[in-house]
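Here the structure comes first, spelled out in structure tokens, and everything after it is commentary.
The shown structure was predicted, so the numbers you read here are calculated from the model rather than taken from an experiment. Numbered from 1 within each chain, the chains take letters A, B, ... in sequence-line order.
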Amino acid sequence: MNEFKISAEDFDLELTMTCGQTFCWHRIEGELYGEGNSKFYTFRNGEPLIVEQQDDKLQVRTNLSEDEVLNALGLNEDLESVFSGFPEDERLEKAREELWGLRIVQDEFFPCLISYLCSPQMRIPRIKEMHNKMAREYGEIREVDGNELLRFPTQEELFEATEEELRELGVGYRAKYIVETLDILQEGFDHSELDSMNYEDAREHMKRLYGVGDKVADCVLLFSKNFHEAYPLDTWALQAVEKHYPEHHSEDYDEASRNLRDYFGENSGYAQEYIFHAARNDIIDV
DNA sequence: CCCCAGGCACCTC
DNA sequence: GAGGTGCATGGG
């Protein structure tokens, strides 16, 4: 594997990996949502990618290109200009101070989708457990530098899983979401078609997948398809909106989503991440 | 034992 | 299209 450094200003690797947006990255030595070192890995196109932060540089081991690494970590984005595009906003400003360096990753579509299919009525650490169990059972354990790295299964590999087997892994009623969605994917659902769509069409297209509603569609579009205007509205996010942005709140998902995208603009997904994480960490109250 | 968790599909009306 | 309901599993 190649080894190189890339500059990573305005970037907090630890925060980005552990804030709950991604289930596709893993901590080497330790649990992702627990204690451990500050070295993380994932796979892209079956290639391992290992990253460690050293101040404002990243130490990288991979055969992927530097561009692919930058893209995976959301580093090909100027964080300052993302924030300068937001309206003046007290809570966002506070979240910015506390969480500066948090970036939106770009995971691979398939593992991202399957993780979020598991997310309904589930706590974040347990979604991660499910992701890891599927990786162990249907993916690959690859040894790199004496570490056992988990590669999530490909679409074809996971297609072999039955609903019953998945239930035995503990994913509950979400097993049906996974097998039904895999059928639709195998029948020719091509996620690259999303790339040429506008956001609202893309969200509707995503909802053709079984188990994908507005919220899951938004997460997958935001964290794997570069739709930074997507503003995932889960129970936390919606509570925060109701309390702090009552003028944008609505019980209707589409309406609230439109209000928030109108208010925060083309990078409203970044606003969501900062506000969501701040709310969950008592930086701003809900 | 009860409650709820980063919702969703499906059924009424 | 709006509103109600069942859903697997584990932890508080």
ask   = Going by heavy atoms closer than 4.0 Å, what residues in residues 170-190 of chain A are next to DNA chain B?
value = A/Tyr173, A/Tyr177
Side chain to side chain donor-acceptor pair (under 3.5 Å) between A/His249 and A/Lys243, intermediate numbers included = CA-CA 9 Å; A/His249 180 264; A/Lys243 170 147 189 187; over 6 Å; no
task = Let me know the distance between CD1 of A/Ile127 and P of C/dG10, rounded to the nearest Å.
result = 15 Å
ask   = Toward the 5' end of DNA chain B, which comes first, A/Val212 or A/Cys19, by nearest nucleotide?
value = A/Cys19
ask   = How close or far is atom P of B/dG7 from atom CZ of A/Arg203, stated in whole angstroms?
value = 16 Å
key: Atom-to-atom span, CD of A/Glu129 to C1' of C/dA8 - whole angstrom   = 14 Å
ask   = Once you round it to whole Å, what is the distance between C1' of B/dG6 and CE of A/Met130?
value = 12 Å
Show me the side-chain donor-acceptor pairs of residues 69-79 of chain A shorter than 3.5 Å, one per line, residues at least two apart or across chains.
from    : atom 1 : to       : atom 2 : distance (Å)
A/Glu77 : OE1    : A/His228 : ND1    : 3.4
A/Asp78 : OD1    : A/Glu80  : N      : 3.1

inquiry  = Among A/Lys39, A/Glu3, A/Gln53, A/Glu52, exactly one meets side-chain hydrogen bond (donor to acceptor under 3.5 Å, both in side chains) together with A/Gln59. Which residue is that?
reply    = A/Glu3
key: OP1 or OP2 of B/dA5 under 4.0 Å from side-chain N/O of A/Thr235   = no
request  = For B/dC10, take OP1 and OP2 only and decide whether either is under 4.0 Å from a side-chain N or O of A/Tyr210.
outcome  = yes
query = For DNA chain B, which residues in residues 113-125 of chain A have a heavy atom at a distance below 4.0 Å?
reply = A/Ser119, A/Pro120, A/Gln121, A/Met122, A/Arg123, A/Ile124
inquiry  = Can you see whether A/Asp89 engages A/Tyr263 through a side-chain donor-acceptor pair at a distance of less than 3.5 angstrom?
reply    = yes
inquiry  = Please confirm whether the ring centroid of A/Phe23 lies under 6.0 Å from the ring centroid of A/Tyr116.
reply    = yes
key: Cation-pi, A/Phe189 ring and A/Arg208 (6.0 angstrom, 45 degrees)   = no
Rounded distance (Å) that lies between atom P of B/dA9 and atom CZ of A/Arg208 = 14 Å
query = Rounding to a whole Å, what distance do you find between A/Leu166:CG and C/dT9:C1'?
reply = 15 Å
inquiry  = Within the 4.0 Å heavy-atom criterion, would you say A/Phe276 contacts the bases, only the backbone, or no part of the nucleic acid?
reply    = base
key: Distance between C1' atoms of C/dG3 and B/dA5 (Å, rounded)   = 23 Å
query = So do the side chains of A/His26 and A/Asn132 get within less than 4.5 Å of each other, counting heavy atoms only?
reply = yes
request  = Provide, to the nearest angstrom, the distance between the CD atom belonging to A/Glu251 and the P atom belonging to C/dG3.
outcome  = 9 Å
task = Using a heavy-atom cut-off of under 4.0 Å over every strand shown, decide if A/Gln21 touches base, sugar-phosphate, or nothing.
result = base
ask   = What distance do A/Asn281 atom CG and A/Leu15 atom CG have between them, rounded to the nearest 0.5 Å?
value = 8.5 Å
inquiry  = Taking the P atom in each of C/dG10 and B/dC8, what is the distance between them to the nearest angstrom?
reply    = 22 Å
ask   = Can you tell me how far C1' of B/dC10 sits from NZ of A/Lys207, to the nearest Å?
value = 15 Å
query = What interatomic distance, in whole Å, is found between P of B/dG6 and the corresponding atom of C/dG4?
reply = 24 Å
inquiry  = Assess whether a salt bridge exists between A/Glu35 and A/Arg27, defined as any Lys/Arg side-chain N lying under 4.0 Å from an Asp/Glu carboxylate O.
reply    = no
Candidates A/Glu266, A/Glu200, A/Glu229 - the one meeting side-chain hydrogen bond (donor to acceptor under 3.5 Å, both in side chains) with A/Arg261 = A/Glu200
